[in-house]
> 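Following this message is one structure expressed as structure tokens.
Chain letters run A, B, ... following the sequence lines, proteins first, then strands; residues in each count from 1.
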Amino acid sequence: MSFLPKPKLHHPRLPVNALGFTRRDYEGAISTLCAGCGHDSISAAIIQACFELDIEPHRVAKMSGIGCSSKTPDYFLGASHGFNSVHGRMPSVLTGANLANRELLYLGVSGDGDSASIGFGQFAHSIRRGVNMTYIVENNGVYGLTKGQFSATSDKGSKAKKGAINTDEAIDLIGIALQLGATYVGRSFSGDKDQLVPLIKGAMRHDGPAFIDCISPCVAFNNHEGSTKSYDFVREHNEAMNHLDVIIGRNPITADYAPGEVRDVQQHDGSVLRLRKLHAEYDPTDRVGAMHHLHERKAAGEIVTGLLYIEPDPQDLHANLGTVARPLNRLGDAALVPGAAALEKLNASLR
Amino acid sequence: MPGVINATNDFVVKFANVNGSGSASANQLFAKSILRMGIPIASRNIFPSNIQGLPTWFEVRVSGEGHLGRRGGVDLMVAMNPQTWDRDVAEIDAGGYLFYDSTRPLPRSRFREDINVIGVPLTEMCNAAYTDARQRQLFKNIMYVGALSALLQIDPGVVETLLSEAYKGKEKLAKSNRDAFHMGRDWALANLACPLGLRLERADKVGERIYVDGNSAAGLGAVYGGATVCAWYPITPSTSLAEGFEKYCRRFRTEPDTGKKRYAIVQAEDELASIGIVIGAAWNGARAFTATSGPGISLMQEFVGLSYFAEIPSVIFDVQRAGPSTGMPTRTQQSDVLAAAYASHGDTKHIVLFPEDPNECFQFGADAFDIADRFQQPVFVLLDLDIGMNDWLCEPFAWDDNRRMDRGKVMTAEELEAGKVFGRYLDADGDGIPYRTYPGTHPNKGAFFTRGTSRDRFAKYTEVGAAYVDNMQRLLQKFETAKGVVPHPILRRAAEPTRVGVIYYGSSSAAMQEALTALEAEGIQVDALRIRAFPFHRDVDAFIAEHDTVFVVEQNRDAQLRTLIMNECSIAPQQLIPVLHYDGTPITARFIRAAIGDKVLANKVLPFAGAAAE
């Protein structure tokens, strides 16, 4: 971690986005994680994504559980309300927050212990309920804060720092998210900013449950030989399906791509996801195909990354419940309280 | 010849039925017809954790005097369940009555010599009148109501009106029910000596009162309290509370033009998610609640601590049942008092409300949201199965249209813009209650990081001892402030000055009132204080101080409220004498009267001499 206080001043010609914010306006407190931690790169990618998307920082609610990953919301978007809840329960707290005010953007940050072990149920149910959110798991395959125990995403056969071999089957959160109906599913690597930033941008523009599994090596406890979540291992086994550009109305990307290599997917909010396909046969709008491909590549020892699945026109929990357009937290007495006359009628029916 | 119980407007009828046989609506019809004659009743379902096949009972206490607690004893048993025949017959008071289906002859040995037996060939009559099996079953129930109307002098006009109301717009159904009712009634008039010694006489003792269950009332209270988010997990006996909320929301909160809902209800995957959703919604400025029972309270502990320490309002309705563990899921108790008051690890205490009947379930159901917002912490509303799942005669619901939701201390964008100092955990007003902001309020002011970890007055993480203690002391200060705001205890003075007092709460209230009347008639003077909330108002300390002997009446084994009083008001154990009833049935006046009366008369008032259950 860094012990130097962050200077508040910045270069006067630092680039600004459409709202006049600099990238610095999206930063948070100084990270207390280990130097080189993959999680800090993910925080940086979130900052970059929000800056590029011209998001008003205070319109984001950042939620987390407990663990190294769950501490990170303190380190980005300092002007947003944040909620570091209890271990494994971020999804329910986020669900409640979302029900209260459908107009904010909800960013849930979790870890593999938080989402694959203690909070596996809440992760699953928030996805299947269709909560409109961006749910990022910073996946390092290890319990960092308690010093190096295997997590439920540790691959079978992988080696702990002290030499123990994991004998339990790993949970692949991507596979679960696909099965349970997430409408935007991606995997990336904290060391691949070019892939990660647009993946987060696409997720934040997505009106449904967007899930990103981001492999994020733990430099303290899971970056050694024999680990399958180390920088070296992931770089060697990373099999990217596509590279993504998120195109929002006013800044079309005009780069030349060879015909047949590009696929545009328009999201409900009008943004276009331009996918530079690296696997000609891969169709990211085919859920069953995505699941099949994921298992196939896993069997071949590869870690599939990129935007694996997208439903361009998703439906979220509010649509399922049929709630009013106005946020519930802004409804006043007149809209909520039926009043004395209605009560008198009710009394009469109970005699 | 057996003796004969003679009583007018003062007796107990118990129906023994089979679960799922359609008896519930017939029994309701019976109960409501007595109410419509202006005679107060108290009715209770006694049922197993089962959907179909197991025995179930419905007890109606007719009380012209208006006693609404369980009386104990049975004057007339309507024995419709062969499975429980022997115990049902055994339960009848000597000189009482046994009403049964005499289609199949039973040997003399199955009856008792000291009771009066009334046989009606219900099955035979049904089989003659109907061919469909389901109809035979359902109309048999209505038919026994018909026979009982003749035996007890229920006004048939009242029953007909009730049937027309129940089957409004379904005239065919109304008619077939009326026919079955009269078939039973006519047979009884022609073949039996009507009326019995037990009889009903029109009275004017019901007045404006309504007949409703506490769970529906609490759900309605949540609607009036402005709750918009409900997250829950099904558990007996609280399920009908969430369902009540949904029913009333559908009626009162659906936008007429769009059909869209001004509420969100999530049936969560478990109780942890339920309370998590509540806390998330409340953090974001919506009023939110969950409904559960003891096992759910156990599961919610960690989140309750977060709600307390991070200071996020939450409302938890706990419809108590008999514990521990799975306990007796369909039996009543007041055994979550301590689990609620001190829920979660670390030093915590929470606001707890104790409604006495459905009217207070409604009132407190609405008030809980104001209190939670005002104090930014969990508020438990402790119902129990007896109030929650039974229909009670109670004062009608009332609402003041000038009332507005009290959202507590919420700093607005305008105040932030004007430069008002915002410290999320800063005691700006000296009452221990800080200001909060809703997420998204202001572009660059008022944001903070909510956490369950220790922090300073400006929500910045810290493990500095002094800052931690400062915060913990402020939380105590806040709790102190709450004492003056939560519902105050209600005192009932005895006719003459006395040094004997009794403290009671929740659903024991009805039995307590009756016991007090009985004690007074015996010349035993007892002042009574009904506690309605924790933290305890200073009147509780004063009440204990001015009495030499104070009984604490509760429906649990360990005298939980007594423990809470001893601990919070620094009362010596020997000053508080427990009166404990915890066999899963509702406490009775007879029980309380005996426990208190015997001790006072014998003048050997001893501590720890908790009476065993009946």
> Report the option among B:Pro443, B:Ala268, B:Ser274, B:Ala264 that has the most heavy-atom pairs separated by less than 4.5 Å from atoms of chain A.
B:Pro443
> Around atom CG of B:Asp204, are there more than 12 heavy atoms from other residues, nucleotides or ligands closer than 6.0 Å?
no
> Side chain, backbone, both or neither: which part of A:Pro73 has a heavy atom under 4.5 Å from chain B?
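The answer is both parts of A:Pro73.
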> Tell me, for B:Val223 versus chain A, whether the close heavy atoms (under 4.5 Å) come from the side chain, the backbone, both or neither.
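Both backbone and side chain.
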> Check whether A:Met63 gets within reach of chain B through its side chain, its backbone, both or neither, counting any heavy atom under 4.5 Å.
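Only the side chain of A:Met63 comes within 4.5 Å of chain B.
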> Side chain, backbone, both or neither: which part of B:Lys445 has an atom under 4.5 Å from a heavy atom of chain A?
neither
> At a 4.5 Å cut-off on heavy atoms, which part of A:Glu56 comes close to chain B: side chain, backbone, both, or neither?
neither
> Counting a contact as any heavy-atom pair under 4.5 Å apart, which residues of residues 78-87 of chain A contact chain B?
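Contacts with chain B: A:Gly78, A:Ala79, A:Ser80, A:His81, A:Gly82, A:Phe83, A:Asn84, A:Ser85, A:Val86, A:His87.
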> Among B:Glu208, B:Glu165, B:Arg209, B:Arg36, which has the most heavy-atom pairs under 4.5 Å with chain A?
B:Glu208
> Does a donor on one side chain and an acceptor on the other come within less than 3.5 Å for B:Trp283 and B:Thr450?
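Their side chains do contain a donor-acceptor pair, which is all the 3.5 Å distance test asks for.
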> Answer yes or no: are there more than 12 heavy-atom neighbours, outside B:Phe397 itself, under 6.0 Å from its atom CZ?
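Yes - once you tally the heavy atoms of other residues, nucleotides and ligands closer than 6.0 Å, there are more than 12.
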> Below 4.5 Å, heavy-atom pairs only: which of B:Ala286, B:Gly452, B:Ala227 has the largest tally toward chain A?
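Ranked by contacts with chain A, first place is B:Ala286.
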> Tell me, side chain or backbone of B:Ala273 under 4.5 Å from chain A's heavy atoms, or both, or neither?
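Both backbone and side chain.
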> For the candidates B:Leu272, B:Asp400, B:Val229, which exhibits the highest count of non-hydrogen atom pairs separated by less than 4.5 Å from chain A?
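Ranked by heavy-atom pairs under 4.5 Å with chain A, first place is B:Leu272.
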> Going by the salt bridge (Lys or Arg N to Asp or Glu O under 4.0 Å) test, which pairs reach into residues 119-134 of chain A, not counting sequence neighbours?
A:Arg129-B:Glu269
> Select, from A:Leu328, A:Asn320, A:Asp25, the one with the greatest count of heavy-atom pairs under 4.5 Å involving chain B.
A:Leu328
> What closest approach, in Å, do B:Tyr461 and B:Arg451 show between heavy atoms, and which atom pair accounts for it?
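Taking every non-hydrogen atom into account, N-NH1, 3.3 Å.
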> Answer yes if the ring centres of A:Phe123 and A:Phe211 are under 6.0 angstrom apart, and no otherwise.
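They qualify: ring centres under 6.0 Å apart.
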> Can you tell whether the side chains of A:Asp114 and A:Arg89 come within less than 4.0 Å, N to carboxylate O?
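Looking at A:Asp114 and A:Arg89, the cut-off is not met.
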> Under 4.5 Å, counting heavy-atom pairs only, tell me which of B:Ile279, B:Asn444, B:Leu35, B:Val266 racks up the most with chain A.
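Going by pairs under 4.5 Å, I would pick B:Val266.
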> Check whether B:Ile265 gets within reach of chain A through its side chain, its backbone, both or neither, counting any heavy atom under 4.5 Å.
backbone
> Could you tell me if B:Arg455 sits above the aromatic ring of B:Tyr425, with its cationic atom closer than 6.0 Å to the ring centre and no more than 45 degrees from the axis?
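Cation-pi check for B:Arg455 and B:Tyr425: passes.
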> Just to be sure I understand the criterion: a residue of residues 102-113 of chain A counts if one of its heavy atoms is under 4.5 Å from a heavy atom of chain B. Which ones qualify?
A:Leu104, A:Tyr106
> Under 4.5 Å from any heavy atom of chain A, what part of B:Thr437 do you find: side chain, backbone, both or neither?
both
> Any Lys/Arg nitrogen of B:Asp370 or B:Arg287 sitting under 4.0 Å from an Asp/Glu carboxylate oxygen of the other?
yes
> Are there residues of residues 332-351 of chain A whose heavy atoms fall under 4.5 Å of chain B's heavy atoms? If so, which?
A:Gly332, A:Asp333, A:Ala335, A:Leu336, A:Val337, A:Pro338, A:Gly339, A:Ala340, A:Ala342, A:Leu343, A:Leu346, A:Asn347, A:Ser349, A:Leu350, A:Arg351
> Would you mind checking if B:Glu255 and B:Arg262 are paired as a salt bridge, meaning a charged N to carboxylate O distance below 4.0 Å?
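B:Glu255 and B:Arg262: salt-bridged.
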> Most heavy-atom pairs under 4.5 angstrom with chain B, which of A:Leu321, A:Asn98, A:Asn101, A:Thr323?
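Sorted descending by pairs with chain B, the first entry is A:Thr323.
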> Name the region of B:Tyr263, side chain, backbone, both or neither, that has any atom closer than 4.5 Å to a heavy atom of chain A.
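Just the backbone, heavy atoms under 4.5 Å.
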> Please determine whether a side-chain nitrogen of the Lys or Arg among B:Asp456 and B:Arg424 lies less than 4.0 Å from a carboxylate oxygen of the Asp or Glu.
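Salt bridge flag = no for B:Arg424 with B:Asp456.
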> What part of B:Ile312 is in contact with chain A, defined as an atom under 4.5 angstrom from a non-hydrogen atom: side chain, backbone, both or neither?
side chain
> Would you mind checking which part of B:Gln267 comes under 4.5 Å of any heavy atom in chain A, side chain (CB onward), backbone (N, CA, C, O), both or neither?
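Just the backbone, heavy atoms under 4.5 Å.
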> Do B:Trp399 and B:Tyr224 have ring centroids that are under 6.0 Å from one another?
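Yes.
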